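Below, read A as the first sequence line, B as the second, and so on, with proteins coming before strands; counting in each chain starts at 1. Just so you know, these numbers come straight off a predicted model, no measurement behind them.
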Number of protein chains: 4
Amino acid sequence: MRKKQNIIRAAIHLFASQGFDGTTTLQISHEAQVTEPLIYYHFKGKEDLFTCILEKAFVDYFSLVDGLPSDTATQFERIENLINLHFDVIAERPDETFLITSTCPAKLNDLDHICANNIERQRNVLNGYLCDNLTAGIGSGEFAPVPVPETAVLIMAMISGLVRRRSLKYEDIDSVRRAAIDFLRRSLVQ
Amino acid sequence: MRKKQNIIRAAIHLFASQGFDGTTTLQISHEAQVTEPLIYYHFKGKEDLFTCILEKAFVDYFSLVDGLPSDTATQFERIENLINLHFDVIAERPDETFLITSTCPAKLNDLDHICANNIERQRNVLNGYLCDNLTAGIGSGEFAPVPVPETAVLIMAMISGLVRRRSLKYEDIDSVRRAAIDFLRRSLVQ
Amino acid sequence: MRKKQNIIRAAIHLFASQGFDGTTTLQISHEAQVTEPLIYYHFKGKEDLFTCILEKAFVDYFSLVDGLPSDTATQFERIENLINLHFDVIAERPDETFLITSTCPAKLNDLDHICANNIERQRNVLNGYLCDNLTAGIGSGEFAPVPVPETAVLIMAMISGLVRRRSLKYEDIDSVRRAAIDFLRRSLVQ
Amino acid sequence: MRKKQNIIRAAIHLFASQGFDGTTTLQISHEAQVTEPLIYYHFKGKEDLFTCILEKAFVDYFSLVDGLPSDTATQFERIENLINLHFDVIAERPDETFLITSTCPAKLNDLDHICANNIERQRNVLNGYLCDNLTAGIGSGEFAPVPVPETAVLIMAMISGLVRRRSLKYEDIDSVRRAAIDFLRRSLVQ
DNA sequence: CATGAATGAGATTTCATTCAT
DNA sequence: GATGAATGAAATCTCATTCAT
């Protein structure tokens, strides 16, 4: 089963760096050191392989987000946790993280394809998390009275912009992390 | 001549929504209401068409950024101008703007392909603008003493995250714009 | 009318160096410094252009061969004249000469296309000339009793081999010419 | 594996009768009774197929020429062997032999493409063989004092003229062979 | 005469996928 | 599980030719 893992690893890497359409099954088989038909033994096809990868990536991601504590001392701690979570996944699995932040390949965009579904769901989850959090913080007087949905959009944009910035891998990721948290604190906490 | 413009328009739209590899020359010709070979009369090939589009988009973009005034009353005005500029281009030309914020198709990633070059250059221009601006603002006491390069990365991430958020078109873009400016002001100005 | 000549010149050059199928009408128009449609103003098409060139080349060639004197003092003089004629045309018009020695493009090989016809006719003319000549020379005792049709084939092979040897242009063509005549004399005259 | 051979056989036949540019991959696949993409499974492309064929043909040809004995009783025997070798290959593999005597397709004429290289090499090998042979024969008094390089050119021209004369297949090839040897003997041996 | 723009037909090549073993 | 060989469908691109002016 090591070979199946090789296929998945190679596919993650290639899909993240070349896109779904830009990656051929031959490239995957080469990078995975297997022959092409083996891909079809383990998966129904290229699309299925992609779907499996994304599904797994989303499940892992959602379980992390779901695991974030909701009973923190301050509301800002929840923001902090969210930022830290994303910096952690960028550091540990940059390719998967990049994939779940990408737009779904046009071909797979059937209204309820797993890919489109999950991207939508991810957005909703993050949005819910942030809106709740902001509303609570503003209510308690911890946060300045910022417009809630718009600010959620901004924070999500910053997160996705950071995930997509591939050079983050090579930059001093921890100082950016600290700067991000301070940046948000100054803006939100009054 | 009108037909050449049709081709370009169709290609911008399709490349932005499906990616370079996900778009076929046949699709482009259909959407442009021309025959396929006409694409090859006006451009050397699919890649050349893509390159021409990107080059133009970058030139337009850079000339806007270069046109931003540097002698504003406050340093924050410069930040404000930069944000406004990006919200304007998102509103006016969402597809081109999306394209110049995307990663270059792997195949074109020869170290000095126009595409890779310009993406690099864009990053440097924005980075230079922000670093200068932040340093000056901190020096004059207008801005809080934030870490300069890291904060520049954060602001760029937010901008690119916003550009890539296609639904912005349908959201109340002006309230997001105002929220963004206020958000940054609170974080930076002391 | 100068432009028509340019087209013909360019076509001769390109057909001779790249073959009929290997030459595009665009290449011809470039080398002739005209636009493509002009080729179609002067000729019915690429094939017609090729045909015209070949027809002219064959007419010129045949008129030279027909002009060779038949009432020479010796039979070997006739051989000598034939060889000299070919060395002259190689020197003066290497490309046309190459073309009339080439095989007809497969596509034009309708049984009685001018091209196929003329190639056949050329062979017959040369063959007739040589067979007559050899028969007469052997009959008069001037030539050794060689087998007539086979020897005609050999001499024709040598001539066509020389015409096709493009580097002849750069070699000392006159010493090869003399060597050829001496070579044939030693072999034939007894 | 049988199918790969079919492709090669069909390609040899078609390239020899229609030229490289005049032959389409579809024609090859039809004649080989395979589908077109199979050509691309076994070869990198049309050009690669052509190159492989020529390479093999040249290797076979060179090994035959290299195998000719150099220690014959007379120098003329060496000439005789060379002529016989060429009549043998014409009889056995007329298409390959025609191909290696043809000019290289213009497109492949990169200064050191295998095709151009081998054509050059072939010329040098034959030329070396004949010059050595003629010089030795003249030195020993076996041959008349003919000009060496020019006579080599003439003999090579005759050989290539014969190889290219496709109708040789149908003519009485053995009588032409004998005539050629006698022809050369009379001209050279004194 | 001359040309810029355009096209139908077809050539080369790629690619996801399957088959036979 | 695994593979070498094979293929249908389609993508990119070329080219001789024509049209409108």
Side-chain angles (χ1 to χ4, degrees), chain A residues 1-4 7 20-29 32-50 107, chain B residues 1-4 6-7 20-29 32-49 107, chain C residues 1-4 7 20-29 32-50 107, chain D residues 1-4 6-7 20-29 32-49 107:
Chain A
M1 292 320 95
R2 156 168 272 109
K3 291 204 179 178
K4 185 172 180 183
I7 291 171
F20 177 78
D21 294 305
T23 301
T24 71
T25 49
L26 192 61
Q27 287 176 325
I28 296 172
S29 71
Q33 313 233 53
V34 302
T35 56
E36 255 183 311
L38 194 59
I39 297 176
Y40 290 84
Y41 178 79
H42 288 296
F43 303 91
K44 280 196 238 155
K46 183 186 172 186
E47 194 175 316
D48 181 47
L49 171 56
F50 183 76
K107 290 160 190 169
Chain B
M1 279 298 107
R2 155 168 285 108
K3 292 203 181 179
K4 185 174 179 182
N6 284 355
I7 291 172
F20 177 79
D21 293 305
T23 302
T24 71
T25 49
L26 191 62
Q27 287 176 325
I28 296 172
S29 70
Q33 311 232 53
V34 301
T35 54
E36 238 185 325
L38 192 60
I39 297 174
Y40 293 86
Y41 177 74
H42 288 297
F43 302 92
K44 280 193 237 156
K46 185 185 171 186
E47 196 174 313
D48 182 46
L49 171 55
K107 289 159 190 169
Chain C
M1 283 305 101
R2 156 168 273 109
K3 292 203 179 179
K4 184 171 181 183
I7 291 171
F20 177 78
D21 293 306
T23 301
T24 72
T25 49
L26 192 61
Q27 287 177 323
I28 296 172
S29 70
Q33 312 233 49
V34 302
T35 55
E36 255 184 310
L38 194 59
I39 297 175
Y40 290 84
Y41 178 78
H42 288 297
F43 302 91
K44 279 195 238 157
K46 184 185 172 186
E47 194 175 316
D48 181 47
L49 170 55
F50 183 76
K107 291 159 190 169
Chain D
M1 280 298 108
R2 154 168 286 108
K3 291 201 181 179
K4 185 172 179 183
N6 283 355
I7 291 171
F20 177 79
D21 293 304
T23 301
T24 71
T25 49
L26 191 61
Q27 287 176 325
I28 295 172
S29 70
Q33 311 233 53
V34 300
T35 54
E36 242 184 321
L38 192 61
I39 297 174
Y40 293 85
Y41 177 74
H42 288 297
F43 302 91
K44 279 193 236 155
K46 184 183 171 188
E47 196 175 313
D48 181 47
L49 171 55
K107 291 159 190 170

* Structure fact -> Protein heavy-atom contacts under 4.0 Å, written 5' to 3' over nucleotides 10-17 of chain E as B (base), S (sugar-phosphate only) or - (none), form the string -SBBBBBB
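Nearest approach of D:Thr23 to D:Ile28, heavy atoms of both residues: CG2-CG1, 3.7 Å.
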What pairs of donor and acceptor atoms, side-chain ones from residues 38-45 of chain B against any protein atom, are under 3.5 angstrom apart with sequence neighbours left out?
none

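Comparing the C1' positions of F:dA20 and E:dC1 gives an interatomic distance of 15 Å, to the nearest angstrom.
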* Structure fact -> Under the rule of Watson-Crick or G-U wobble with both distances under 3.5 Å, where | means paired to another strand and [ ] a crossing pair, DNA chain E maps to .||||||||||||||||||||
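Atom pair D:Leu38:CG and F:dG4:C1' shows a separation of 11 Å (rounding to whole Å applied). As rounded to whole Å, 15 Å separates atom C1' of E:dC1 from atom CD1 of C:Ile39. As rounded to whole Å, 15 Å separates atom P of F:dT18 from atom CZ of C:Phe43. For the pair B:Tyr41 OH and F:dT18 P, the interatomic distance rounds to 17 Å; values are reported in whole Å. Computed from coordinates, the A:Gln33 CD to F:dA2 P distance equals 14 Å when rounded to whole Å.
Here F:dA6 is the nucleotide among F:dG4, E:dC1, F:dA6 with the atom lying nearest to any side-chain atom of D:His42.
Rounding to the nearest 0.5 Å places CG of A:Asp21 at 3.5 Å from NZ of A:Lys107. To the nearest 0.5 Å, the span separating CZ on D:Phe20 from CD on D:Glu47 amounts to 5.5 Å.
Among the heavy atoms of the strands, none lies under 4.0 Å from D:Lys4.
With sequence neighbours left out, the side-chain contact (heavy atoms from CB on, under 4.5 Å) criterion links C:Glu36 to C:Thr25, C:Leu26, C:Ser29.
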